[in-house]
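Chain A is the first sequence line, chain B the second, and so forth, proteins listed ahead of strands; every chain is numbered from 1.
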Amino acid sequence: MEKLTNKEVSKLLAEFGDLLAINGENEFKIRAYNNAARKIQSLEANLSELIKEDSLEDIKGIGKGIAGTIKEIFENGFSQEMEELKRELPSGVLEMTKIPNLGPKRAHQLYYELGLKSVAELREALENNKVRELKGFGPKSEQKLLKGLQNYKKYVDRIIISQAVEEADKLINALKNSVEEGIIKNIEVCGSTRRRKEMIGDIDILVACAAEDKESLSKKITELELTDEIIGAGDKKVSIITCDGLQVDFRLVSSEEFPSALHYFTGSQAHNVRMRQLAKDHNLKLNEYGLIKNDDSRIDIKSEEDIFVHLGLKYIIPELREDSGEIEAAAEDRLPVSIEVSDIKGDLHMHSRYSDGAFTIEEMGEAARKRGYSYIAITDHSKSLKVANGMSVERLKKQLQEIDEVNKKMDGFRILKGIEVDIMPDGSLDFEDEILSELDLVIASVHSSFAMTEEEMTARIIKAVKNTEVNILAHPRGRILGGRAAYKVDMNQVIEAALESNTALEINSSPHRLDLDDKWSRRAKEAGALLTINTDAHHYREFNDIKYGVSVARRGWLEKDDVINTFDLDKLMKFLRED
DNA sequence: GCCGTTTTCGGCCCGACTGTTTTCAGTCG
């Protein structure tokens, strides 16, 4: 049977939790399942390995019961208890809980008191005013649910991080422009956007202002041109849906509360739960308004960092706040010294007009030099990638001459001769080794025949990685966010091969790829492999995407020395010349 | 269901907003 992925198991556990909730089970039991689902989702190791080692119960939050359920799901593809629950509850009831403002309790009521088994039946009951007769429902609930029913599928599911950052900037500027200067004391995007997750579900914006301005500011938010629908609006919290179908939550606090609100609102939820427990252990209470002692007096908090310090921790950057070991590491002073954009000395993956780029070699070089880089590599596509105007041997040789010419004009800056060579289905490369050996740097990547078995694809990629001419494996898993799933490949084996053959694994900074992702980057580092963060730019504007790649690296616990393009030119060349 | 430098039983993060209520439950983050 096909192995289930961590993600699929996580989804099943969460679904189990939802089913239990609809059935009115103990809320802490439900929480345990949801907690376990989150743990599995953010797990680095592969579940099948943990099952083999019988070490599931080592994960905090997973005990005998849930470990048993996971094993059962793995062996049989389903859990007996879950199937029984599903038999009791039609799938439409679970679907109902996806409608805004309709949770498990009310779904339970609708099913057991009105016998509603599907979203369609719910709609009919709402239209016939049947629902308002239930206890706890009324005419307003009826209207809200009808509206939610229209929209619940229309809303955007998730957007990529770059879109979220742009959208947040737009909203922040729009709000700033709608009020007098000085009203907004501080404003910051929080949530998963601040943690720089690769995909974002909704946007959270924190605003500091004076108490007397809260009401008018709340009103301003609901009146923004970008606001399509108001979900809720109080003087502390406003939730809207934008014209693009994106949910945005605003929180309004005082300047004094801003640091603790910033921490709270940045999350992740799992990180916050741990931090609040930790506060409790210190006989304190942590919430969005501050760190509060038992006698209700506040501890003076000037910055987010102060919160960590008061709880005996080193400062944890937002990218690491996922409850994946950062709190323990902060307590023991072994957090990584996270890599920063300013550590990057050059970009080793980009395209010029020789293939599918928009600019000449000189234009790309000049733009990179202006950015403050000390080197770049021009890495156009090889011949078989016809859709991207892949180069023949002759054009490659012409390009090498041109790079020599341009380098003569560049002072204190170097353009490396590179190529992005296709990995053919049999694992061979699209150019002979003899030609590749003339280059400073060879990137290998897969652009065709994605639908191979895991064994075939793994063998294909490992063969390329082990070729001594290859220095970098680009976008190793081939995924396009929101577009194409990663091809099937055993990354653990690829990482081992990269380590043995001194090949760097790329974090491709294109916000559509972000490949490797945070988890695999962390895994690669732990295995001792080296990485490289590049933009794959086809336009020099895309050099700016490097920040997204660096965010992935930060989320993956990477430090400067794990990434070859933080090296100065001499050290980099030494790495490239080693086999 | 999970967990334990006071515990194997009795807790489990904390708060905002809404609608239905007359003090609160449900939903959401």
Side-chain angles (χ1 to χ4, degrees), chain A residues 13 16-18 20-22 24-39 56-70 79 81 96-110 131-145 147-148 152 190-192 200-206 214 218 222 230-241 247-253 257 260-261 263-292 311 323:
Chain A
L13 286 176
F16 202 168
D18 290 341
L20 291 169
I22 297 171
E25 282 279 352
N26 176 306
E27 84 175 90
F28 296 108
K29 181 174 173 180
I30 296 158
R31 203 184 288 181
Y33 274 91
N34 287 321
N35 183 35
R38 271 201 307 273
K39 278 277 152 91
L56 273 177
E57 288 177 53
D58 293 348
I59 302 168
K60 216 171 160 193
I62 295 184
K64 216 172 179 174
I66 294 182
T69 305
I70 293 174
S79 132
E81 201 185 337
M96 283 184 205
T97 63
K98 294 184 182 129
I99 298 165
N101 301 309
L102 208 176
K105 291 265 165 60
R106 304 216 289 178
H108 175 99
Q109 238 184 319
L110 290 168
V131 174
R132 67 167 68 179
E133 287 157 17
L134 292 179
K135 189 172 159 58
F137 288 83
K140 286 221 169 138
S141 298
E142 200 173 78
Q143 281 313 307
K144 255 193 163 169
L145 289 177
K147 188 137 197 244
Y152 87 107
C190 300
S192 47
I200 307 294
D202 55 22
I203 292 180
D204 305 301
I205 294 174
L206 179 65
K214 280 184 181 169
S218 165
T222 62
I230 301 155
I231 298 174
D235 61 355
K236 294 187 173 75
K237 180 177 171 180
V238 185
S239 291
I240 60 155
I241 305 276
Q247 180 167 337
V248 185
D249 299 328
F250 291 85
R251 289 293 290 254
L252 309 173
V253 298
E257 293 158 347
S260 37
H263 176 263
Y264 152 75
F265 213 22
T266 296
S268 63
Q269 204 182 12
H271 170 91
N272 283 355
V273 169
R274 291 288 312 279
M275 289 289 284
R276 285 174 174 194
Q277 279 165 345
L278 197 60
K280 248 183 158 176
D281 296 344
H282 283 74
N283 282 319
L284 296 166
K285 185 171 75 175
L286 177 62
N287 60 26
E288 54 264 58
Y289 303 116
L291 248 185
I292 298 143
L311 298 179
D323 188 26

Looking at His263(A), Arg251(A), Glu257(A), which one forms a side chain to side chain contact (heavy atoms under 4.5 Å, CB included) with Glu288(A)?
Arg251(A)
Salt bridge Glu142(A)-Arg106(A), side-chain N to carboxylate O under 4.0 Å
no
When you measure from the side chain of Arg276(A) to the backbone of Leu286(A), do you find a donor-acceptor pair of N or O atoms at a distance under 3.5 Å?
yes
N/O donor-acceptor pair under 3.5 Å between Thr97(A) side chain and Pro104(A) backbone
no
List the steps and the verdict of side-chain contact (heavy atoms from CB on, under 4.5 Å) for Tyr33(A) and Thr69(A).
CA-CA 10 Å; Tyr33(A) 274 91; Thr69(A) 305; 3.9 Å; yes
Scan [X] against the nucleic acid and name what it touches under 4.0 Å (heavy atoms): base, sugar-phosphate only, or nothing.
X	result
Ile99(A)	sugar-phosphate
Tyr264(A)	base
Glu288(A)	sugar-phosphate
Asn34(A)	nothing
Ile30(A)	nothing
Arg274(A)	nothing
Gln269(A)	base
Leu145(A)	nothing
Asp249(A)	sugar-phosphate
Ala279(A)	nothing
Gln143(A)	nothing
Lys280(A)	sugar-phosphate

Reading DNA chain B in the 5' to 3' direction, which nucleotide is the first one with an atom under 4.0 Å from a heavy atom of chain A, and which is the last?
dG1(B) to dG29(B)
Roughly how far apart, to the nearest Å, are [N] and [M] at atom [atom1]?
N	M	atom1	answer
dG19(B)	dC13(B)	C1'	25 Å
dC17(B)	dT22(B)	P	23 Å
dG29(B)	dT23(B)	P	29 Å
dG10(B)	dA16(B)	C1'	29 Å
dT5(B)	dG1(B)	C1'	24 Å
dC12(B)	dT7(B)	C1'	14 Å

If pairing requires Watson-Crick or G-U wobble contacts with both distances under 3.5 Å, which nucleotide is the partner of dT8(B)?
none
Gly103(A) or Asn26(A): which one's nearest nucleotide on DNA chain B is closer to the 5' end?
Asn26(A)
The residue, Val238(A) or Gly136(A), whose nearest nucleotide of DNA chain B is more 5′ is Val238(A)
Do Gln247(A) and Ile241(A) touch side chain to side chain, with heavy atoms closer than 4.5 Å?
yes
Leu110(A) versus Leu102(A): any side-chain heavy-atom pair under 4.5 Å?
yes
Stepwise side-chain contact (heavy atoms from CB on, under 4.5 Å) test for Ile231(A) and Asp249(A):
CA-CA 9 Å; Ile231(A) 298 174; Asp249(A) 299 328; 5.7 Å; no
